[in-house]
A.B. asks: 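Can you read through this structure? Questions will come right after.
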Amino acid sequence: MQNPRSLADGGRRVRAAGPRLPLLRRAALYLPLLLLMLGPASSLALQHERSPSQFLLRQYEREHGLPSETVWMARQGPSGYLWLATRRGLVRFDGLNFTVFNAENHPAFANSDVRVIEWTTDGQLWIGTYGGGALRMNGDRFTAVTREDGLASDTVYDIHVADDGTVWFATGSGVSRYRDGEFRSWGKAEGLATDRLFQIAEGGNGVLWFSSLTSGLSVFDGEGFRAVGVDGGLDSPQVLLLHRDADLGIVAGTQPGGLYRLGDDGGIDTLGLGEPLPVQAMLRDDEGTLWLGTYGRGLWRQWADGRRERFPLPGAGLVFDLTEDRDGNLWASTVRGLFRIRDSAFLPFGEAEGVSDAAFVVAVDGGGNVLAGAENAGLFRITADGRSSEPWPMLAGQSVSSLLLRDNGELWVGTFGDGLKRFADSAGGRLIGTVDNLAGRHILAMVERADGSVWIASDGGVDRWQYGAVGPAPLQQAVSGTLVRHFRETRDGTLWLGTNDGLLAWDGESVRRWTRDDGLAGNIVVAMHEDPRGILWIGSRDGGLTRREGETLFAFGAEQGLPQPSVQAILEDSEGGLWLSGGEGLTWADRDSLDAVARGEAAQATARLLRENDGLRSAQFQGGFQPAGAVGPDGRLWLPTNGGVVGFDPGAVLAPAPRLQTYIEAVRVNGEPVALSRPLTLPATLNSLEIDYTAPQLSNAENVRFRYRVGDEGEWQDAGARRTAYFTSMPAGEQVFTVKAKTGAGPFPEPNGDSARLLLHRTPHWFETPWAPVGGALLLALAAGLGYRFLARRARGREQRLEQLVNRRTEELQAALAKVEEISRIDGLTGVANRRYFEERLAATWKMAARAVRPVSVIMLDIDRFKQFNDSLGHQAGDECLRQIAEGLQGGLLRDNDLVARYGGEEFVILLYDADGEGAARVARRIIEQVDALKLRHPESDVSPYVTVSLGCATARAGELEDPYVLVDRADRALYDAKRAGRSQLKVFATSG
């Protein structure tokens, strides 16, 4: 059967990632850069024994910024960017934004279908296109190389930089070699198996192999070419894979699934790697696991012991290329876009791994085995090595709400509605029986005290089990009318009870109570922890964290640096750090810094909030039942979430973040892009300067934060996640713009070559030049020489005229400045506010809301399938569509103090002051109705025959969040949910209760 790639499609990019240079040469070339980029990070390799569902999988498609969903290959460049060869151009990816280089924006591209990218040892990037020849990228300049320059064909399928620096090209009309500025080409007449070659691989002693899709292989020994086909040992002339593996050497793979080792002497040996697969991409990761991308059968991974498993990529049966970046992320280039397979310090166990997502409680036995109780799903056991999990059949379908591992090895399981059960051990042992005569059937918490008694909290009160009998606890009257959710016995023998109405302490004779009025952070106490010093830490679902030392209580909230308002579990690691789970994420807090705040020695504690961007499957943790967290014998921490239970090594989570190298990508002066030069000359009439910058981070770019300043002694401006600096003026002369980046907690690193600097020179006005006062003094002296009387007579007239002139010029200048200010705040196409003005109003509104304690809402709006609208009806129709929607947004839908702004492209943002979630949702629904009423025809939409919009909404009070841009991010995430759910709808960002 004819492979469809060889005709209509012209042959796709199939070469997998592999070392182009010998290992030592590559290490010498990139070692300084690697050290700079990676810093003191922990292990970067994928943990190969994890199941596919336990990796973080991210798919990038056109809606994320790719120009085409057909991605032929990806490579990380020396500067840390990921570079992509796609059907519609060369793409540079910094982890967040895609920058496209193609025929539409660079005249050197004769064709935008980029099939291959390859770096030379001196940092130049070679690009091969399908029909447009090759290009060389040096800095930000492209130079085209075509048949007119000696290239065998303008269709380039592969480029290889040999060990000696020679550049080889596999083309549609033979092989070309570029050496010392000259091309030499070979074809079938010189011994090649065919003129149409697709891949190149280099073995030892300079031996080169070339593959084809119709005629097998060709080998070059330095003197000449020789064809190797079915007669030479291949099972098919259709070769899909040609790859250099560190262990296997040169590997060739055929369409029927044969895999062969190619020797430096031109020989072929069959490789027995398991079931035949049509492999067209191969990668051996840092753990030694083989990843296999296939033609039509998706992605597979194979371990050294021969085990093989398919790794699901949604809809991506054709995997063209595999590569691993310096952070250990695996990238798969496919027909359905780009996939990132990312490891995480967090190990999740949910429904995909055989454990329920609705986990309530978690405990760890002495052998390191994890027990997870779930709602309506019973109890699950995860083995200590984290490789497998299994349910307990005897508890199937029940809601497990509390666990207790007793000192004698027994396991007690409390349920929600079916009482309390005793098991012989934690390994699925026999059922001993039930604990009867309890005050309630809903078990919330249990504790085994030092005297061997077990205290049990249920919906009916607190019972005490001792010597095989159950009776009401001595403090039963004190807990009447409330729910006890947590027990903690401290080393002094005091039993502490967390309730819905505060904190109780039982000393064996009497009960004391503390509430918010007594200094607790909140009244719903669901977690407690006694640290080795005897200090008690108390977590409240409705307030935060409380520290009790002696008789002194100190409450921590947002003002003291606690990043979320609820604490549902408190665990301590071996280094003294506290881990606090909550409804918005997982908080790590430095215990010493908490002590310092409590003692008045510091204003804020050192803390960090971890969420999905940090590798969590779900950032919504469960609490209110005991135990809501556990520490294993190996120091690993386990917590329940609404996506199952998650375990992690605290040291791996807190591994130092790598230092990031920042780059300046683009500059706009008075709204127009300018070429980057050093120094960058700015006009005297400067009224708008925008500088785009970035820091490539391919693992969690959403967490990157920036700061910049002008002048070596200037004040640093925190930009948050914003990647553009805005200026409306600049002093005359030379100034240095500096920007730097960080990820993770802690301060920004001191500049050490990883900051980006741009020298700016603003041309002075004539009155700012050094000779202006000198010239004035000479004129005065000359005038004085003409005589005092003449000067005095003329001076009065000159003074009057000068005053009139100054007044007129001042009025003109004020009018011009007012006009510039107005223009700088308005989007020229739609007439609504621009993004710069929105950010100014957002900051002002946030401060005003904080003073008035009022809510602020943000609505993000995106026009559905707007690119297809432009492609089918043209950009003029697209501009008119944007104008009509902008007019509709301003036409009576909003209040006077509300703001609508164009956020970028087809995105709008609406800022609502003193609008709660319900009010903002009503405004959003009116917007959807208004846009539907416009009846703007959309012939290419798969949503509706008319133009529709998707909206995301988020609401917060200023005191709830540290940064108003978090509110914008939430609205943007809700917008993404609306688009993912089918578009033409509203999604509201949901926060924990």
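Every heavy atom of this structure was used, including side-chain atoms; hydrogens, water molecules and symmetry mates were not.
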A.B. asks: State, with a plain yes or no, whether a side-chain heavy atom of I382 is found less than 4.5 Å away from one of E353.
C.D. replies: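 No, every pair of side-chain atoms sits at 4.5 Å or beyond.
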A.B. asks: Considering non-hydrogen atoms only, spot the tightest contact between T294 and Q280 and give its length.
C.D. replies: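 Closest approach of T294 to Q280: O-NE2, 3.5 Å.
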A.B. asks: I want to check something: taking the side chain as every heavy atom from C-beta on, are V858 and C953 in contact at a cut-off of under 4.5 Å?
C.D. replies: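 No, every pair of side-chain atoms sits at 4.5 Å or beyond.
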A.B. asks: Look at the side chain of R541 and the backbone N and O of G623, then say whether any donor-acceptor pair between them is shorter than 3.5 Å.
C.D. replies: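 Between the backbone of G623 and the side chain of R541 there is a qualifying donor-acceptor contact (under 3.5 Å).
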A.B. asks: Walk me through it: do L338 and S333 pass the test side-chain contact (heavy atoms from CB on, under 4.5 Å)?
C.D. replies: CA-CA 5 Å; L338 181 70; S333 303; 4.0 Å; yes
A.B. asks: Please table the atom pairs, donor to acceptor, closer than 3.5 Å between any side-chain atom in residues 355-379 and protein atoms at least two apart or in another chain.
C.D. replies:
{"residue": "S356", "atom": "OG", "partner": "A358", "partner atom": "N", "Å": "3.1"}
{"residue": "D357", "atom": "OD1", "partner": "E351", "partner atom": "N", "Å": "2.8"}
{"residue": "D365", "atom": "OD1", "partner": "G367", "partner atom": "N", "Å": "3.0"}
{"residue": "D365", "atom": "OD1", "partner": "G368", "partner atom": "N", "Å": "3.1"}
{"residue": "D365", "atom": "OD1", "partner": "N369", "partner atom": "N", "Å": "2.9"}
{"residue": "D365", "atom": "OD2", "partner": "N369", "partner atom": "ND2", "Å": "3.4"}
{"residue": "D365", "atom": "OD2", "partner": "S426", "partner atom": "OG", "Å": "2.7"}
{"residue": "N369", "atom": "OD1", "partner": "R381", "partner atom": "NH2", "Å": "3.4"}
{"residue": "N369", "atom": "OD1", "partner": "A384", "partner atom": "N", "Å": "3.0"}
{"residue": "N376", "atom": "OD1", "partner": "S399", "partner atom": "OG", "Å": "3.1"}

A.B. asks: What residues, two or more places apart in sequence or in another chain, satisfy salt bridge (Lys or Arg N to Asp or Glu O under 4.0 Å) together with R310?
C.D. replies: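 Per chain and number, R310 pairs via salt bridge (Lys or Arg N to Asp or Glu O under 4.0 Å) with no residue.
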A.B. asks: To the nearest 0.5 angstrom, please state how far the OG1 atom of T641 sits from the CZ atom of F621.
C.D. replies: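 Nearest 0.5 Å value for the OG1-CZ distance: 6.5 Å.
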A.B. asks: Could you walk me through whether E61 and K979 pass the salt bridge (charged side-chain N to carboxylate O under 4.0 Å, His left out) check?
C.D. replies: CA-CA 13 Å; E61 301 176 280; K979 292 195 291 184; over 6 Å; no
A.B. asks: What's the spacing between Q568 CD and Q620 CD if we round to 0.5 Å?
C.D. replies: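 CD of Q620 is found 10.0 Å from CD of Q568.
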A.B. asks: Could you tell me whether the side chain of Q76 and the main chain of R326 form a donor-acceptor pair under 3.5 Å?
C.D. replies: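 Looks like yes, one N/O pair under 3.5 Å.
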A.B. asks: Rounded to the nearest 0.5 Å, what separation is found between the CG atom of L444 and the OG1 atom of T499?
C.D. replies: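 Answer rounded to 0.5 Å: 11.5 Å.
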A.B. asks: Using distance only, find each side-chain donor-acceptor pair of residues 624-640 under 3.5 Å and give its atom names and separation, not counting sequence neighbours.
C.D. replies:
{"residue": "Q626", "atom": "OE1", "partner": "F487", "partner atom": "N", "Å": "2.9"}
{"residue": "Q626", "atom": "NE2", "partner": "F487", "partner atom": "O", "Å": "3.0"}
{"residue": "D634", "atom": "OD1", "partner": "R636", "partner atom": "N", "Å": "3.0"}

A.B. asks: Could you name each residue pair satisfying salt bridge (Lys or Arg N to Asp or Glu O under 4.0 Å) that touches residues 425-435, not counting sequence neighbours?
C.D. replies: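 Pairs touching residues 425-435 that pass the test: none.
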A.B. asks: Is the backbone of N700 close enough, under 3.5 Å, to the side chain of R342 for a donor and an acceptor to pair up by distance?
C.D. replies: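 Side chain of R342 to backbone of N700, a donor-acceptor pair under 3.5 Å: no, none is there.
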A.B. asks: Going from CZ on R284 to CG on L290, what distance comes out if it is rounded to the nearest 0.5 angstrom?
C.D. replies: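 Going from CZ on R284 over to CG on L290, the span is 4.0 Å.
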A.B. asks: For the residue pair R50 and D343, what are the closest heavy atoms and their distance?
C.D. replies: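 Answer, listing the atom of R50 first, then D343: NH1-OD1, 3.2 Å.
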A.B. asks: Heavy-atom count check: over 12 atoms from other residues, nucleotides or ligands less than 6.0 Å from E309 CD?
C.D. replies: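 Atom CD in E309 is crowded, with more than 12 foreign heavy atoms closer than 6.0 Å.
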A.B. asks: Tell me the closest heavy-atom pair linking Q54 and L347, and the distance in Å.
C.D. replies: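 Here Q54 and L347 meet closest at NE2-CD1, 3.4 Å.
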A.B. asks: Which pairs pass ring pair (Phe, Tyr, Trp, His ring centres under 6.0 Å) with one or both residues in residues 328-359, sequence neighbours excluded?
C.D. replies: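 Non-adjacent pairs meeting ring pair (Phe, Tyr, Trp, His ring centres under 6.0 Å): F346-F648.
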A.B. asks: Could you tell me whether the side chain of R611 reaches within less than 4.5 Å of the side chain of Q564, counting heavy atoms only?
C.D. replies: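 A side-chain contact is absent here, since even the closest heavy-atom pair is not under 4.5 Å.
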A.B. asks: Using modelled atom types and a 3.5 Å cut-off, is there a donor and acceptor pairing between side-chain atoms of D321 and backbone atoms of A74?
C.D. replies: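 Such a contact is found between D321 side chain and A74 backbone.
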A.B. asks: Is there a side chain to side chain donor-acceptor pair (under 3.5 Å) between D864 and S950? Walk through the geometry before answering.
C.D. replies: CA-CA 6 Å; D864 296 329; S950 298; 2.6 Å; yes
A.B. asks: Answer yes or no: is there a side-chain heavy-atom contact under 4.5 Å between H64 and Y976?
C.D. replies: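 Touching, per the 4.5 Å side-chain cut-off.
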A.B. asks: Given 3.5 Å as the limit, does a donor-acceptor pair link the side chain of D963 with the main chain of V966, or not?
C.D. replies: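 Such a contact is absent between D963 side chain and V966 backbone.
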A.B. asks: Would you give the length of the straight line joining atom CG of N703 to atom CG of N613, rounded to the nearest 0.5 angstrom?
C.D. replies: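 Rounded to the nearest 0.5 Å, the CG-CG separation comes out at 5.0 Å.
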A.B. asks: A side-chain contact here means heavy atoms from C-beta on lying under 4.5 Å apart; do V413 and Q398 qualify?
C.D. replies: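 Heavy-atom side-chain distance check fails, nothing below 4.5 Å.
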A.B. asks: Run the side-chain contact (heavy atoms from CB on, under 4.5 Å) test on D977 and F989 for me, step by step, so that the C-alpha distance in whole Å, both residues' side-chain angles and the decisive distance to 0.1 Å come before the verdict.
C.D. replies: CA-CA 9 Å; D977 289 342; F989 182 88; over 6 Å; no
A.B. asks: Under a 4.5 Å cut-off applied to non-hydrogen side-chain atoms, are R308 and L273 in contact?
C.D. replies: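 Contact flag for R308/L273 side chains = yes.
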A.B. asks: Give a yes or no on whether the backbone of I443 and the side-chain of S402 come within a donor-acceptor separation of less than 3.5 Å.
C.D. replies: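 No; judged by distance alone, with no hydrogens or angles, the pair does not exist.
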A.B. asks: Using a strict threshold of under 4.0 Å (side-chain N to carboxylate O), is an ion pair present between E287 and R301?
C.D. replies: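 Salt bridge flag = no for E287 with R301.
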A.B. asks: Might you point out which heavy atoms bring R485 and N500 nearest each other, and give the distance in Å?
C.D. replies: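 For R485 versus N500, the nearest heavy atoms are NE-OD1, 3.0 Å.
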A.B. asks: Yes or no on side chain to side chain donor-acceptor pair (under 3.5 Å) for W300 and Q302, after CA distance, side-chain angles and deciding distance?
C.D. replies: CA-CA 7 Å; W300 297 70; Q302 183 160 325; over 6 Å; no
A.B. asks: Between D327 and N329 (side chain of the first, backbone of the second, donor and acceptor by atom type, cut-off under 3.5 Å), is there such a pair?
C.D. replies: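 Side chain of D327 to backbone of N329: no pair is present.
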A.B. asks: With a 3.5 Å distance limit and no angle check, can you tell me whether D459 reaches the backbone of H442 through a side-chain donor-acceptor pair?
C.D. replies: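 Yes; at least one donor-acceptor contact below 3.5 Å.
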A.B. asks: What heavy-atom pair brings L698 and D94 nearest, and what distance separates the two atoms?
C.D. replies: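 Between these two residues, the closest heavy atoms are CD2-C, 4.0 Å.
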A.B. asks: So, taking the atom named CE in M528 and the one named OG in S540, what distance separates them when rounded to the nearest 0.5 Å?
C.D. replies: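 It is 10.0 Å, given to the nearest 0.5 Å.
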A.B. asks: Just wondering, do V71 and Y60 contact through their side chains at under 4.5 Å, heavy atoms?
C.D. replies: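 Answer no - side chains too far apart.
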A.B. asks: Stepwise, does the salt bridge (charged side-chain N to carboxylate O under 4.0 Å, His left out) test hold for D325 with R340?
C.D. replies: CA-CA 10 Å; D325 66 29; R340 181 188 67 191; over 6 Å; no
A.B. asks: With side-chain contact (heavy atoms from CB on, under 4.5 Å) as the test, would you mind laying out the steps for L580 and I570 before giving the verdict?
C.D. replies: CA-CA 5 Å; L580 319 173; I570 306 172; 3.8 Å; yes
A.B. asks: Please identify each residue that fulfils side-chain hydrogen bond (donor to acceptor under 3.5 Å, both in side chains) with D542, with sequence neighbours left out.
C.D. replies: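 Partners of D542 under the side-chain hydrogen bond (donor to acceptor under 3.5 Å, both in side chains) test: R516.
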A.B. asks: Is there a donor-acceptor pair closer than 3.5 Å between any side-chain N or O of Q985 and the backbone N or O of R983?
C.D. replies: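 Flag set: sc Q985 to bb R983 pair under 3.5 Å.
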A.B. asks: Under 4.5 Å between any side-chain heavy atoms of L313 and L57, yes or no?
C.D. replies: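 Yes, side chains in contact.
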A.B. asks: With salt bridge (charged side-chain N to carboxylate O under 4.0 Å, His left out) as the test, would you mind laying out the steps for R973 and E702 before giving the verdict?
C.D. replies: CA-CA 12 Å; R973 286 157 60 186; E702 297 84 353; over 6 Å; no
A.B. asks: Say whether, by atom type as modelled, one donor and one acceptor occur between the side chain of R336 and the main chain of Q59 under 3.5 angstrom.
C.D. replies: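 Here the side-chain-to-backbone pair does not exist.
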A.B. asks: Determine, stepwise, if the pair R608 / D614 fulfils salt bridge (charged side-chain N to carboxylate O under 4.0 Å, His left out).
C.D. replies: CA-CA 11 Å; R608 176 183 173 190; D614 301 288; 3.7 Å; yes
A.B. asks: Could E960 and R970 be called an ion pair, given the rule that one side-chain N must be under 4.0 Å from one carboxylate O?
C.D. replies: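 Salt bridge flag = no for R970 with E960.
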A.B. asks: Which heavy atom of L562 sits nearest a heavy atom of G544, and at what distance?
C.D. replies: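 Answer, listing the atom of L562 first, then G544: CD2-CA, 3.9 Å.
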